[in-house]
Amino acid sequence: KVRPTMIHRVLYGSIERFIGILLENYGGVLPVWISPEPVRVIPIADRHEEFAAQVVKTLKKDGVYASIDSRGETLQSRIRDAELEKIPYVLVIGDKEVDNNTVSVRPHGKKDTGMVSADEFRTLIKMEIKNKKHAETK
């Protein structure tokens, strides 16, 4: 009797190859529907954090992962970090946004595209995720 010798064993090989192909294809900028963090909310000051938390809570309720970056860094530094981390959407919240129940939207790689109502952004991102998932499966 001879004990078999396993030369190579891959449990997750196909998953790892798939992730590698996705990262290479999209240049690390994953689409919203597959991004681990599609939305990052950045409150300008401490007084904006409550509204930012409401926006994040609403997005999570709709199945969209979002996080708040309320570090003590400057606003530009937090926006730059989100760009470097290739977050698809950055929402900046200040006094105007809180007063008008809006969010200032910055898609990855672009400048601020202006203010949109929080509900409108929720609808837009849900539709983008739904449409992309549907289009990718065809």
Undergrad: Could you tell me whether a side-chain N or O of N25 sits under 3.5 Å from a main-chain N or O of I21, the two making a donor and an acceptor?
TA: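 Such a contact is absent between N25 side chain and I21 backbone.
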Undergrad: Do the side chains of K60 and V56 get nearer than 4.5 Å, heavy atoms only?
TA: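 They are in contact (side-chain heavy atoms under 4.5 Å apart), so the answer is yes.
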Undergrad: Would a single hydrophobic cluster contain both V64 and V105, if residues Ile, Leu, Val, Met, Phe, Trp and Tyr are joined by side-chain heavy-atom contacts under 4.5 Å?
TA: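 Yes, because V105 and V64 connect within a single hydrophobic cluster, where side-chain heavy atoms sit under 4.5 Å apart.
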Undergrad: Would you kindly confirm whether V92 and V32 end up in one hydrophobic cluster when ILVMFWY residues are joined by side chain heavy atoms under 4.5 Å apart?
TA: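 Different clusters.
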Undergrad: Please list, chain by chain and in numerical order, all residues satisfying side chain to side chain contact (heavy atoms under 4.5 Å, CB included) with L23, sequence neighbours excluded.
TA: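 For L23, the residues satisfying side chain to side chain contact (heavy atoms under 4.5 Å, CB included) (neighbours in sequence not counted) are I19, L30.
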Undergrad: Is there a side-chain contact between V55 and L91 (heavy atoms, below 4.5 Å)?
TA: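 The answer is yes; the side chains approach within 4.5 Å.
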Undergrad: Rounded to the nearest 0.5 Å, how far apart are NZ of K126 and CG of D62?
TA: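 Interatomic distance, K126 NZ to D62 CG, rounded to 0.5 Å: 4.0 Å.
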Undergrad: Nearest heavy-atom pair of E97 and S104: which atoms, and what distance?
TA: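 Shortest heavy-atom contact: OE2-CB, 3.4 Å.
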Undergrad: Which residue pairs pass the salt bridge (charged side-chain N to carboxylate O under 4.0 Å, His left out) test when at least one of the two sits in residues 46-57, sequence neighbours left out?
TA: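 Pairs touching residues 46-57 that pass the test: R47-D95.
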Undergrad: Taking the side chain from T102 and the backbone from M115, do they hold a donor-acceptor pair closer than 3.5 Å?
TA: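 Between the backbone of M115 and the side chain of T102 there is no qualifying donor-acceptor contact (under 3.5 Å).
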Undergrad: Between I125 and Y26, is there shared hydrophobic-cluster membership here, with clusters defined by ILVMFWY side-chain heavy atoms closer than 4.5 Å?
TA: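 I125 and Y26: one cluster.
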Undergrad: May I ask you to test the V41-V39 pair for a side-chain heavy-atom distance under 4.5 Å?
TA: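 They are in contact (side-chain heavy atoms under 4.5 Å apart), so the answer is yes.
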Undergrad: Any sub-3.5 Å donor-acceptor pair from S77's side-chain atoms to E73's backbone N or O?
TA: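 No.
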Undergrad: Side chains of I44 and I93, heavy atoms from C-beta outward: is any pair under 4.5 Å?
TA: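 No, too far: nothing below the 4.5 Å cut-off.
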Undergrad: If I compare all heavy atoms of A66 with all of L59, which pair ends up nearest, and what's the gap?
TA: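 Closest heavy-atom pair between A66 and L59: CB-CD1, 3.9 Å.
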Undergrad: Does T123 have any side chain to side chain contact (heavy atoms under 4.5 Å, CB included) partners at least two apart in sequence or in another chain, and if so, which?
TA: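 Residues passing side chain to side chain contact (heavy atoms under 4.5 Å, CB included) with T123: M127.
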Undergrad: Quick one: list whatever passes side-chain hydrogen bond (donor to acceptor under 3.5 Å, both in side chains) with S70, sequence neighbours left out.
TA: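 Partners of S70 by the side-chain hydrogen bond (donor to acceptor under 3.5 Å, both in side chains) criterion come out as none, since no residue qualifies.
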Undergrad: Which pairs, with at least one residue in residues 25-43 and sequence neighbours excluded, count as a salt bridge (charged side-chain N to carboxylate O under 4.0 Å, His left out)?
TA: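 For residues 25-43, and leaving out neighbouring residues, the salt bridge (charged side-chain N to carboxylate O under 4.0 Å, His left out) pairs sorted by first residue read E37-R40, R40-E85.
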Undergrad: Mind checking what makes side-chain hydrogen bond (donor to acceptor under 3.5 Å, both in side chains) contact with E83, not counting sequence neighbours?
TA: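 Only H108 meet the side-chain hydrogen bond (donor to acceptor under 3.5 Å, both in side chains) criterion with E83.
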Undergrad: Can you tell me which residue pairs pass the salt bridge (charged side-chain N to carboxylate O under 4.0 Å, His left out) test with a partner in residues 99-108, sequence neighbours excluded?
TA: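 Checked against salt bridge (charged side-chain N to carboxylate O under 4.0 Å, His left out) - neighbours excluded - no pair reaches residues 99-108.
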Undergrad: Quick one: ring pair (Phe, Tyr, Trp, His ring centres under 6.0 Å) pairs with a partner in residues 40-78, sequence neighbours left out?
TA: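 Matches after skipping sequence neighbours: none remain.
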Undergrad: Salt bridge (charged side-chain N to carboxylate O under 4.0 Å, His left out): which pairs involve residues 23-36, sequence neighbours left out?
TA: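 Output for this query is empty, none listed.
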Undergrad: Do I42 and V90 come within less than 4.5 Å of each other through their side chains, counting heavy atoms only?
TA: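 SC-SC contact between I42 and V90 confirmed.
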Undergrad: Using the ring pair (Phe, Tyr, Trp, His ring centres under 6.0 Å) rule, collect all pairs that involve residues 73-100, keeping only residues at least two apart or in two chains.
TA: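 Residue pairs with at least one partner in residues 73-100: Y89-F121.
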Undergrad: What residues, two or more places apart in sequence or in another chain, satisfy side-chain hydrogen bond (donor to acceptor under 3.5 Å, both in side chains) together with S35?
TA: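 Scan of S35 (side-chain hydrogen bond (donor to acceptor under 3.5 Å, both in side chains), adjacent residues dropped) gives none.
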Undergrad: How long is the straight-line distance from CG of D119 back to OG1 of T58, given to the nearest 0.5 Å?
TA: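 If we round to the nearest 0.5 Å, T58:OG1 and D119:CG are 7.5 Å apart.
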Undergrad: Can you tell me how far the CG atom of D112 sits from the CD1 atom of I79, to the nearest 0.5 Å?
TA: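 Going from CG on D112 over to CD1 on I79, the span is 8.0 Å.
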Undergrad: Sequence neighbours excluded, which residues qualify as side-chain hydrogen bond (donor to acceptor under 3.5 Å, both in side chains) partners of N101?
TA: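 With sequence neighbours excluded, N101 shows a side-chain hydrogen bond (donor to acceptor under 3.5 Å, both in side chains) to no residue whatsoever.
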Undergrad: Could you check if a side-chain atom of P43 sits within less than 4.5 angstrom of a side-chain atom of I68, using non-hydrogen atoms only?
TA: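 Touching, per the 4.5 Å side-chain cut-off.
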